[in-house]
Amino acid sequence: MSTFSLDPGPDQTAVRDWLHGFAADVIRPAAAEWDEREETPWPIIQEAAKLGIYSLDFYAQQFFDPSGVGIPIAMEELFWGDAGIGLAITGTTLAAVAVLANGTDEQIGTWAPQMFGTPEDVKVAAFCSSEPDAGSDVSALRTRAVYDQAKDEWVLNGTKTWATNGGIAHVHVVVATVDPELGSRGQASFVVPPGTEGLSQGQKFKKHGIRASHTAEVVLDGVRVPGHCLLGGKEKLDARLARAREGTKGGGKNAAMATFEASRPAVGAQAIGIARAAYEVALDYARTRVQFGKPIIENQGVAFQLADMKTRIDAARLLVWRASWMAVNNRPFTSAEGSMSKLYAGETARFVTAQAMQILGGNGFTREYPVERMHRDSAIYTVFEGTSEIQRLVIARAISGAPIR
């Protein structure tokens, strides 16, 4: 077990500096263009792959770093560069986390490498959970998975929405209901291999922010996948469903929630990257913008805004690092520390980017300055991977002792 430390050490410092250079030199100069195009920035992803940033090995090294802060540091730096491009580079990891959280060693070894492809032929992956009528309420999923015992195949039918990389992914991971009577406890995750018939892209969404990241519906029409594509295997699923039917403790773990629990601190780190970027723009502007004969930072109103922004960013980072350290050391989130980190970091990104726009005044409202884009990008961080309201609900249930479903 590692000791919690606020000093990431020489290895993580080197990774941070390396990623910061990539974000400054490659991501930032391209950010405005890909935001306007609203397209997946394949050339940037490929450049990241060539450097080893977009790869299973890189994320595995950060994920298993004993300090626990490898992933948060990586996410913060990439999203400091730009959130839309950052999500295009890191969106595959959510599907990878789904396989890591729910799959067998053999499944992890088979599917995780295929999600990234190679530097010469990059691929992306998609995690498909939300549906048109089931967002925060994961128990309401209607996508069905029916087992065809004669062929040892699962047949998937339904429509998924808000899927990052949905439809353009090489590998899709789909959460589906196996036993509707059990609600969220009757669900499982399935890998849909590349080229599987019946899977298609539905509507591609035109979004307020993170516009360089592809978000779309995924339609599953009679999709047949081999039995070995059920993450965790059928024996484990049958045992879990039996416990759920009997009301036995241990039968309630949900496939989607297991993924979100593992990824929430990382999402919080993304929000911190956006907030830090906006704060730095506002700080530099306040130092150089002269009004009434002095830099505006010498006005107490502006100085106090910046003080609050910096304080909230640092507090959010501490919560994210704590949750990440706890996760890597198998410390239970007895007070929903993962949800705490995502909640506070997401709310901080919204607050800080709004304050940055205010400090820049009219300039902050134009696309000539990046804080307008950062403010748009920040909006999703109180919504996806659990809204702020859902995070508060999870925290409240954890501290009250009520079950979390």
Side-chain angles (χ1 to χ4, degrees), residues 15 18-19 21-23 25-27 29-31 33-35 37-64 71 74-75 77-79 81-100 103 105-128 160 163-174 189-202 204 210-220 223 225-226 228-229 231 266:
V15 170
W18 174 47
L19 292 176
F22 178 79
D25 298 339
V26 179
I27 294 178
E33 175 190 350
W34 290 100
D35 177 72
R37 291 175 63 168
E38 298 190 55
E39 296 175 358
T40 301
W42 290 108
I44 310 297
I45 298 174
Q46 187 166 39
E47 184 67 20
K50 288 179 179 178
L51 294 174
I53 296 170
Y54 183 76
S55 71
L56 177 62
D57 286 346
F58 172 74
Y59 287 111
Q61 288 174 10
Q62 305 316 309
F63 186 83
F64 292 110
I71 287 293
M75 293 294 179
E77 293 306 324
L78 291 173
F79 282 70
D82 177 67
I85 294 177
L87 195 57
I89 293 173
T90 62
T92 291
T93 60
L94 187 58
V97 167
V99 175
L100 287 169
D105 290 343
E106 183 179 356
Q107 289 170 328
I108 293 169
T110 298
W111 298 113
Q114 294 188 44
M115 293 178 172
F116 293 88
T118 66
E120 296 74 32
D121 185 21
V122 293
K123 305 293 184 183
V124 294
F127 178 67
C128 307
K160 294 295 182 179
T164 298
N165 298 329
I168 66 170
H170 189 62
V171 176
H172 291 76
V173 177
V174 176
S189 292
F190 300 84
V191 171
V192 180
T196 301
E197 292 185 3
L199 185 148
S200 62
Q201 179 184 309
K204 178 187 175 183
I210 54 168
R211 302 199 303 191
S213 172
H214 176 97
T215 309
E217 291 180 331
V218 174
V219 179
L220 304 150
V223 171
V225 298
H228 61 76
C229 288
L231 291 180

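Everything quoted here is computed from the prediction, not taken from an experiment. Sequence positions, counted from 1, serve as the residue numbers for this chain.
- Pairs passing the side chain to side chain donor-acceptor pair (under 3.5 Å) check and including a residue from residues 42-57, sequence neighbours excluded, read Y54-T92.
- Of all non-hydrogen atoms in T40 and I168, the two that sit nearest each other are OG1-CD1, 3.6 Å.
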Please lay out, stage by stage, how K160 and V174 fare under the test side chain to side chain contact (heavy atoms under 4.5 Å, CB included).
CA-CA 8 Å; K160 294 295 182 179; V174 176; 3.9 Å; yes

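- Although no hydrogens or angles enter the test, the distance criterion places no donor-acceptor pair under 3.5 Å between the side chain of E38 and the main chain of W34.
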Kindly indicate, with the supporting measurements, whether the criterion side chain to side chain contact (heavy atoms under 4.5 Å, CB included) is fulfilled by V124 and M115.
CA-CA 5 Å; V124 294; M115 293 178 172; over 6 Å; no

Evaluate T90 against Y59 for side chain to side chain contact (heavy atoms under 4.5 Å, CB included), listing each step before the verdict.
CA-CA 9 Å; T90 62; Y59 287 111; 3.3 Å; yes

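- Contact detail for S189 and V173: the closest heavy-atom pair is CB-CG1, 4.3 Å.
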How far apart are the C-alpha atoms of Q201 and V219, what are their side-chain angles, what is the distance that settles it, and do they pass the side chain to side chain contact (heavy atoms under 4.5 Å, CB included) test?
CA-CA 6 Å; Q201 179 184 309; V219 179; over 6 Å; no

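- A distance of 6.0 Å separates CZ of F22 from CG of L51, quoted to the nearest 0.5 Å.
- Here the NE2 atom belonging to H170 is positioned 8.0 Å from the CG atom belonging to D121, to the nearest 0.5 angstrom.
- A side-chain contact (heavy atoms from CB on, under 4.5 Å) with L87 is found for exactly one of I210, L78, N165, namely I210.
- Pairing each heavy atom of I89 with each of A48, the nearest pair is CD1-CB, 4.4 Å.
- Nearest heavy-atom pair across T196 and P193 is OG1-O, 2.7 Å.
- We find the CD1-CZ distance between I71 and F64 to be 10.0 Å, quoted to the nearest 0.5 Å.
- Note that CD of E33 is 11.5 Å distant from CG of D82, once rounded to the nearest 0.5 Å.
- Listed for the Q107 side chain is a donor-acceptor partner under 3.5 Å among the backbone atoms of H228.
- Looking at every heavy atom in both residues, V122 comes nearest to A49 through CG1-CB, 3.5 Å.
- Atom CD1 of I44 sits about 11.0 Å away from atom CD1 of I53, to the nearest 0.5 Å.
- Listed by chain and number, the residues in a ring pair (Phe, Tyr, Trp, His ring centres under 6.0 Å) with W18 are F58 (sequence neighbours excluded).
- Of all heavy-atom pairs spanning A125 and A95, the tightest one is CB-CB, 3.7 Å.
- With a 4.5 Å cut-off on side-chain heavy atoms, T164 and F127 do not count as touching.
- Here the side chains of V192 and V171 are not in contact, with every heavy-atom distance at 4.5 Å or above.
- Side chains of T215 and K204 form no contact here, defined as non-hydrogen atoms less than 4.5 Å apart.
- In this structure a side-chain-to-backbone donor-acceptor pair under 3.5 Å is present from H214 to G166.
- Note on D35 versus R37: no salt bridge recorded, every NZ/NE/NH1/NH2 to OD/OE distance being 4.0 Å or above.
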